[in-house]
Amino acid sequence: MKSFTLSSDSAPKPSFLDGLNPQQKEAVTHTDGPLLIVAGAGSGKTRVLTFRIAYLLQQFKAAPQEILALTFTNKAAREMKERIVKLIGDSAHQLWMGTFHSVFSRILRVEAQALGFGKDFTIYDTSDAETLIKQILQELNYDPKQIKPRTIQYKISDAKNQLVTPELFSKKFIGSTLDDITAKVYKIYKQRLKESNAMDFDDLLVLPIQLFEEDPDILEKYQDRFRYVLIDEYQDTNHAQYKVTQLLSQKHRNLCVVGDDAQSIYSFRGADISNILNFQNDYSDAHQVPLEQNYRSTKSILKCADSIIKKNEKQLEKTLWTEKDYGEPITLLENYDERDEANRVAQYIQKIKGQDGINFNDFAVLYRTNYQSRVLEEAFRRHKIDYQLIGGLSFYQRKEIKDVLAYLKLLVNPYDETNLIRIINEPSRGIGQKSINDIRTSARQDGIKVWDLLEQVEETTIYRPAKQRIREFVDMMNGFRESLQAQASLHQLTRELLDKSGYMKMLLDEQSHESLMRRENILEFINAISYYEKQQKNPSLSAFLQEISLITDSDKFDENKPAVTLMTVHGSKGLEFPVVFVVGLEENLFPVGAKEGFDVDIEEERRLFYVAITRAQERLYFSHCSSRFKYGEEQRQMRSRFIDEVDASVVRTETGATIRQRSDRFLSTNTSNDHTRPTRSSTKSSSSGTIEYDIPSAGPSYKSYSSLGKIDYDLHEGNDPFVVGAQVVHQKFGIGKIMSRTGSGSQTKVVVFFKDRGQKKLMLQAAPLSIID
DNA sequence: GTGCTCCATTTTTTT
DNA sequence: AATGGAGCAC
């Protein structure tokens with residue numbers, strides 16, 4: 001229906017567009033046809049999107065429910081919607097806004113039947129999917145040590161995002177054993193998901209495409225429903241996302257994409273930068289609007305960002321500029337280790353907070369990997385700094401929550417085998433691994449679902465004592481399923497379920513700090529259900545479960561909470577803070593080091609660094625350590641090459657000195673140095689009682705502790721050829737490359753990446769290694 | 001079938 | 001440092 005109203009009091013005034021610069025105005029008012037907005041960092045992109053949608057509504061181009069806006073997080077969608085509500089009125093609540101995954105899961109709920117799924121399908125997160133793949137590999141008798149489920153999972157996910165079906169996969173990729181295995185697993189995996197009435201994250205994108213291609217009527221229905229399609233963060237869409245939006249918009253051709261190729265940082269999950277680079281090839285009549293004025297950062301910060309991104313080869317032409325002043329220079333913090341680093345950051349936060357009169361929520365600390373947050377948290381607690389941690393192990397991934405969820409998912413969908421197996425013996429009720437395996441094999445042989453076999457367990461040859469337990473379990477679940485259908489209160493039902501299943505008792509009996517935490521988490525989860533029930537007009541367990549499957553970490557970021565934000569650089573996309581610390585700027589951390597099956601895409605790492613820099617409004621700090629605990633062991637760290645790449649004119653050390661950079665860092669033997677040696681802030685020694693750098697080394701010139709990160713080179717000068725980067729051959733493992741080196745003298749260990757065997761850690765003294773020239 | 005201890009492996013990044 | 005799996009004793 002096209003009828004909708006604008007509430008007169010909040011309708012846009014004539015001055016609606018006045019606050020926009022000419023480029024922004026153009027992006028807002030160019031309503032029809034394909035449009036590419038190349039929005040540099042901090043160029044007011046969200047504002048443009050918001051106004052653009054408001055403008056479409058105001059100009060009666062479309063009703064709210066005819067506009068589809070795909071954002072990167074649910075939070076972004078929510079906020080944008082609220083802003084539009086303020087401009088246009090309550091009708092804006094009808095807009096279709098959300099992440100790709102949440103919007104299409106909503107559509108799939110309606111159309112599931114056409115695809116042979118039930119409406120109450122379960123969404124498998126990455127760990128559910130991994131469990132299933134592990135299970136399949138086991139059934140196929142592969143050793144999980146040799147064939148890592150994770151590897152297969154990545155390959156399948158890649159295939160899905162490229163819209164490669166199992167059939168196509170087995171035709172296309174033959175020869176390599178890994179591909180052969182993937183082909184087999186992929187085929188079974190897909191069947192299993194369907195039998196379990198479950199979809200993984202990729203399916204939420206791929207299945208709509210399948211649906212639209214198989215059924216032109218359904219496609220047309222959605223083409224007509226979504227007369228205007230907008231996509232934010234277009235540089236991070238993958239092929240499936242590209243395809244599905246292309247299908248949706250090809251009738252009305254009102255596709256507006258916004259993005260910045262310089263900020264493309266998700267290629268590891270299939271994001272394809274060429275989507276944005278080729279937009280104008282795909283749509284020859286596409287209009288392009290660049291947003292180049294930056295409203296966020298000082299000139300120093302912008303200059304720094306620009307100098308970094310210029311090191312990359314391919315990018316769309318654009319130059320960001322700002323009217324702001326240079327502001328403060330960027331400060332480089334040089335630390336001994338990560339504890340030192342965390343303390344220094346904490347001290348700076350307190351100092352700046354007092355000096356500038358700003359709040360904790362004006363600060364963010366950004367890092368490359370989640371595990372770096374731990375030391376920061378400790379330091380912040382010591383310094384009485386409130387913080388909010390975004391990311392890492394999220395609430396919904398905790399074991400106890402996943403368990404409760406498994407029970408609930410099983411109520412909604414009895415065929416969800418992965419979750420059934422997860423909790424059939426949790427708490428233990430005498431149904432052990434043997435019985436479970438028997439049940440699965442037997443069900444597979446009879447060609448029936450596991451749940452259906454359990455329903456008639458008496459007729460099977462399952463281990464006798466287990467039968468009784470299974471019967472009780474099945475009856476219990478069926479009982480709850482009935483109350484669910486009878487519209488029982490959800491949170492109450494959950495409580496009873498946890499009670500009757502013995503799950504709560506199990507935690508109560510445990511009497512540990514751990515189990516107390518788990519119980520608290522579960523109570524918090526029940527509160528979340530209550531809240532959902534209250535707030536929803538017609539709440540359903542199934543909808544609730546689907547919704548929380550798609551909650552993202554950044555959705556819980558609260559900019560008004562008076563706390564310092566700790567998050568990964570990935571998580572910080574789209575956000576801004578007056579003061580930003582980028583920590584852990586070290587080789588093999590940021591940029592990350594190579595791993596088996598994964599080459600480092602250095603350009604992407606550089607874009608990631610670019611994203612980190614451009615989060616900052618006023619002050620920016622870079623930080624690195626010369627030593628860091630990794631794998632529970634102290635490791636030497638080399639300063640990140642990125643510090644050598646930035647425009648040095650805007651960076652100062654803590655003492656205000658200009659920073660020294662090496663342009664020929666990988667050749668240099670120069671040991672001159674104008675740094676002072678960082679001091680240890682604590683002398684906690686390892687259990688062996690040794691501190692590496694204090695031990696006289698066998699190699700020459702070790703003690704000439706020169707500029708940070710140079711140690712590795714000095715160490716390996718002279719007659720020791722086993723330097724980082726050297727090609728080596730091992731008697732058993734074959735050809736490899738030295739990735740890192742720790743310890744000294746007879747304790748020297750090297751991590752070698754072998755072409756055929758992956759990464760191994762070896763004692764240099766003992767390993768049969770020799771150098772290849 | 002359960003539960004404990006020892007060990008190996010992990011640490012990109014996320015919907 | 002922390003988790004999960006394998007192997008072993010009960």
Side-chain angles (χ1 to χ4, degrees), chain A residues 70-74 98-105 123-127 129-131 134 138 143-145 148-150 154 157 160-161 199-205 233 236-238 240-241 264-271 338 366-375 390-394 396-397 399 425 427-437 463 465-466 469 548-555 567-573 584 588-601 604-605 607-608 611-612 628-635 686-687 751 758-761:
Chain A
L70 297 160
T71 58
F72 204 70
T73 63
N74 290 302
T99 61
F100 272 90
H101 291 85
S102 58
V103 164
F104 287 104
S105 82
I123 297 173
Y124 277 7
D125 68 17
T126 317
S127 79
E130 194 187 340
T131 307
K134 204 184 289 170
Q138 237 162 54
D143 176 7
K145 284 236 167 96
K148 287 197 185 127
R150 192 69 68 78
Y154 276 127
S157 177
K160 284 193 177 189
N161 286 322
M199 299 179 190
D200 66 15
F201 285 141
D202 301 322
D203 288 331
L204 298 179
L205 306 172
E233 309 283 7
D236 281 322
T237 51
N238 62 33
Q241 289 168 322
S264 163
I265 54 174
Y266 278 93
S267 72
F268 69 91
R269 69 174 204 217
E338 70 268 35
L366 307 180
Y367 36 79
R368 181 64 179 80
T369 64
N370 278 305
Y371 78 92
Q372 292 171 258
S373 69
R374 181 166 253 132
V375 248
I390 312 296
L393 187 65
S394 86
Y396 289 102
Q397 286 169 338
K399 182 192 179 312
N425 201 33
S428 45
R429 31 174 91 85
I431 309 168
Q433 201 54 55
K434 176 78 170 63
S435 302
I436 290 175
N437 275 341
Y463 179 63
R469 318 284 177 76
I548 61 172
S549 299
L550 300 171
I551 289 179
T552 67
D553 289 316
S554 22
D555 289 332
M567 55 165 60
T568 62
V569 182
H570 282 91
S572 75
K573 189 161 85 156
N588 291 321
L589 182 61
F590 197 174
V592 283
K595 264 209 80 198
E596 187 174 2
F598 257 117
D599 296 328
V600 185
D601 181 345
E604 174 141 321
E605 293 295 311
R607 290 192 295 269
L608 194 56
V611 168
R628 179 179 293 275
F629 270 85
K630 261 182 171 175
Y631 315 110
E633 188 171 20
E634 193 177 18
Q635 297 219 238
S686 62
S687 53
V751 174
Q759 208 153 286
K760 301 271 181 220
K761 186 176 218 169

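Basis for what follows: all heavy atoms, side chains included, without hydrogens, waters or symmetry-related copies. Computed from a predicted structure; not experimentally measured. In what follows, every chain begins at residue 1, and chains take the letters A, B, ... in the order their sequences are listed.
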Side-chain heavy-atom pair A/I551, A/N74 within 4.5 angstrom cut-off: no
Touch class at under 4.0 angstrom, heavy-atom based, for A/Y154 against every strand present: base
Separation between CD1 of A/I431 and OH of A/Y463, rounded to the nearest 0.5 Å: 12.0 Å
Sugar-phosphate, base or nothing in reach of A/N370, heavy atoms under 4.0 Å: sugar-phosphate
Selection from C/dA2, B/dT14, B/dT12 that lies nearest to any side-chain heavy atom of A/E605: B/dT12
Distance in angstrom units between A/Q241 CD and B/dT15 C1', rounded: 8 Å
Presence of A/S102 side-chain N/O under 4.0 Å of B/dT15 phosphate oxygens OP1/OP2: no
Sugar-phosphate, base or nothing in reach of A/D125, heavy atoms under 4.0 Å: nothing
Whichever of A/D202 and A/V592 has its nearest DNA chain B nucleotide further upstream toward 5': A/V592
Spacing between A/K573 atom NZ and B/dT15 atom C1', to the nearest angstrom: 11 Å
A/L589 CG to B/dT13 C1', straight-line distance once rounded to whole Å: 12 Å
Side chain A/R469, main chain A/R429, donor-acceptor under 3.5 Å: yes
Sugar-phosphate, base or nothing in reach of A/S435, heavy atoms under 4.0 Å: sugar-phosphate
N/O (side chain, A/N238) to phosphate O (OP1/OP2, B/dT15) under 4.0 Å: no
A/T568 vs B/dT14: side-chain N/O to OP1/OP2 distance below 4.0 Å: yes
Side chain to side chain, A/L205 and A/H101, heavy atoms closer than 4.5 Å: yes
Length of the CD1-P vector between A/I265 and B/dT14, whole Å: 9 Å
Check: A/K573 and A/F72 side chains under 4.5 Å, non-hydrogen atoms: yes
Rounded distance (Å) that lies between atom C1' of C/dA6 and atom NZ of A/K145: 7 Å
Separation of B/dT12 C1' from A/L608 CG (nearest whole Å): 10 Å
Ring centroids of A/Y266 and B/dT13 base under 5.5 Å with planes under 30°: no
Nearest-nucleotide 5' precedence on DNA chain B, A/N74 against A/R429: A/R429
Which nucleotide in C/dA6, B/dT10, B/dT12 has an atom nearest any side-chain atom of A/T369: B/dT12
Distance below 4.0 Å between A/T552 side-chain N/O and B/dT15 OP1 or OP2: yes
Check against salt bridge (charged side-chain N to carboxylate O under 4.0 Å, His left out), A/R368 and A/E605: CA-CA 9 Å; A/R368 181 64 179 80; A/E605 293 295 311; 2.8 Å; yes
Rounded distance in Å - CG (A/N161) to C1' (B/dT14): 12 Å
hbond_proxy A/R269 side chain to B/dT15 base (donor-acceptor, 3.5 Å cutoff): no
Interatomic distance, A/D236 CG vs B/dT15 P [rounded to whole Å]: 12 Å
Below 4.0 Å: OP1/OP2 of C/dG5 and any side-chain N or O of A/K134: yes
Under-4.0 Å side-chain N/O to phosphate OP1/OP2 contact, A/K148 with B/dT10: yes
Nucleotide of C/dA2, B/dT10, B/dT13 approaching A/R374 most closely (side-chain heavy atoms): C/dA2
